[in-house]
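Worksheet: one structure, shown below.
Letters go in sequence order (proteins before strands), and every chain restarts at 1. Hydrogens, waters and symmetry mates play no part in the numbers below; they use all other heavy atoms, side chains included.
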2 protein chains.
Amino acid sequence: MLDLAQYVPWLLNRAARSVADAFSRELAALGVTLPMWRVMASLRRAGPQRLGELSSLTAIETSTLSRLLGQMQQRGLVRRARSHGDARAIAVSLTRRAAALTERIVPLALRYEQAAVRDMSDSEIAILKRLLAQIHENLGVLMHDKSAD
Amino acid sequence: MLDLAQYVPWLLNRAARSVADAFSRELAALGVTLPMWRVMASLRRAGPQRLGELSSLTAIETSTLSRLLGQMQQRGLVRRARSHGDARAIAVSLTRRAAALTERIVPLALRYEQAAVRDMSDSEIAILKRLLAQIHENLGVLMHDKSAD
DNA sequence: TATTGTTATACTCTATAACTATA
DNA sequence: TATAGTTATAGAGTATAACAATA
């Protein structure tokens, strides 16, 4: 009873770290960190975003994200411009250089995903994706509903 | 192509953080951190361990683990004793109080696991466990074989 | 007043390597 | 010389809260 090797939270944590560690090393050679890559992938997919929206998309805290964007701006990866409609908000967008770099990273990222799910059937992969999303939803609800106990 | 919402590494990371964050809050009320809980669960399961072995079991770096054990020792959760056979090694064991505390946490941990996999069938849960272990193996090999590229 | 984003502080985990004490 | 564990240092992420500018 309660063998870590059969305990879902532990298996989840270990698998996530294996993937993140492996891909981080690859990204380091390109001068990009994993959180930076998440920002780049999100902006590539969704287009220019406000900091708050980007925080939701990447699940990075706004204070962490603000400083991260500062670093990325220094490296010429993102632009921060005042929003037209709301002068409090900023519009974060990829520079041309970062967009090109992102296109170079995408195939690497897909290769890492393939390495992670190697030897799994398409239907298993589909199940995996669905269950991982469900876990996030199950616990996300639990976290925001403090009366759950 | 490359939507984070369908990208396995991202789904994995997000699910793992949801579970870890939710359970951390619960543990904080008992004065225990998540890494401490991992140490306690490992020692509960495997009995007294040397630091190196405990590092493998928990996937916590030895330097991090050494300081973590120092904190746990201060709180009276673990003992560190010289090994009989090898005077370089230490045997880490749970104190009686920590063993009792661990028994109190186990049902909480199982409840969190159940919350995470809520609405999943037994067969789905079995698939999930197998695939998560497989991902760890797939990437673990990749990480230790630097010629993989 | 509430909201958007920034900054400050303090804490934890990590990587790396120097260090000690044994073997 | 190699190994087990400890300690030091620097870097990155997080939480929390205070803060400025705008709504």
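- Atom CG of A/L68 is separated from atom P of C/dT7 by 14 Å (rounded to the nearest Å).
- To the nearest angstrom, P of C/dC13 lies 16 Å from CZ of B/R17.
- Atom CG of A/D3 sits in a crowded spot, with more than 12 heavy atoms from other residues, nucleotides or ligands closer than 6.0 Å.
- Residues A/L69 and A/Q73 fail the side-chain proximity criterion, which asks for heavy atoms closer than 4.5 Å.
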Heavy-atom protein contacts under 4.0 Å, nucleotides 1-7 of chain D, coded B base, S sugar-phosphate only, - none
--BSSSB

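- Rounding to whole angstrom units, CD of residue A/Q73 and C1' of C/dG5 are separated by 13 Å.
- The closest donor-acceptor contact from the side chain of B/R82 to the backbone of B/A87 lies under 3.5 Å.
- C/dT4 atom C1' lies 15 Å from atom CD of A/E61, rounded to whole Å.
- Contact record, A/A116 with B/L139: CA-CD2, 3.1 Å, taken as the closest heavy-atom pair.
- Atom P of nucleotide D/dG13 and atom CZ of B/R14 are separated by 20 Å, given to the nearest angstrom.
- Rounded to whole angstrom, the span from the CD atom of B/Q71 across to the P atom of C/dC11 amounts to 11 Å.
- Of the N and O atoms on the side chains of A/E26 and A/Y112, at least one donor lies less than 3.5 Å from an acceptor on the other residue.
- Side-chain atoms of B/Q134 and A/R118, non-hydrogen and from C-beta on, never get closer than 4.5 Å to each other.
- Nucleotide C/dT12 holds its P atom 16 Å from the CZ atom of B/R38, rounded to whole Å.
- Atom CD1 of A/I60 is separated from atom C1' of D/dA15 by 15 Å (rounded to the nearest Å).
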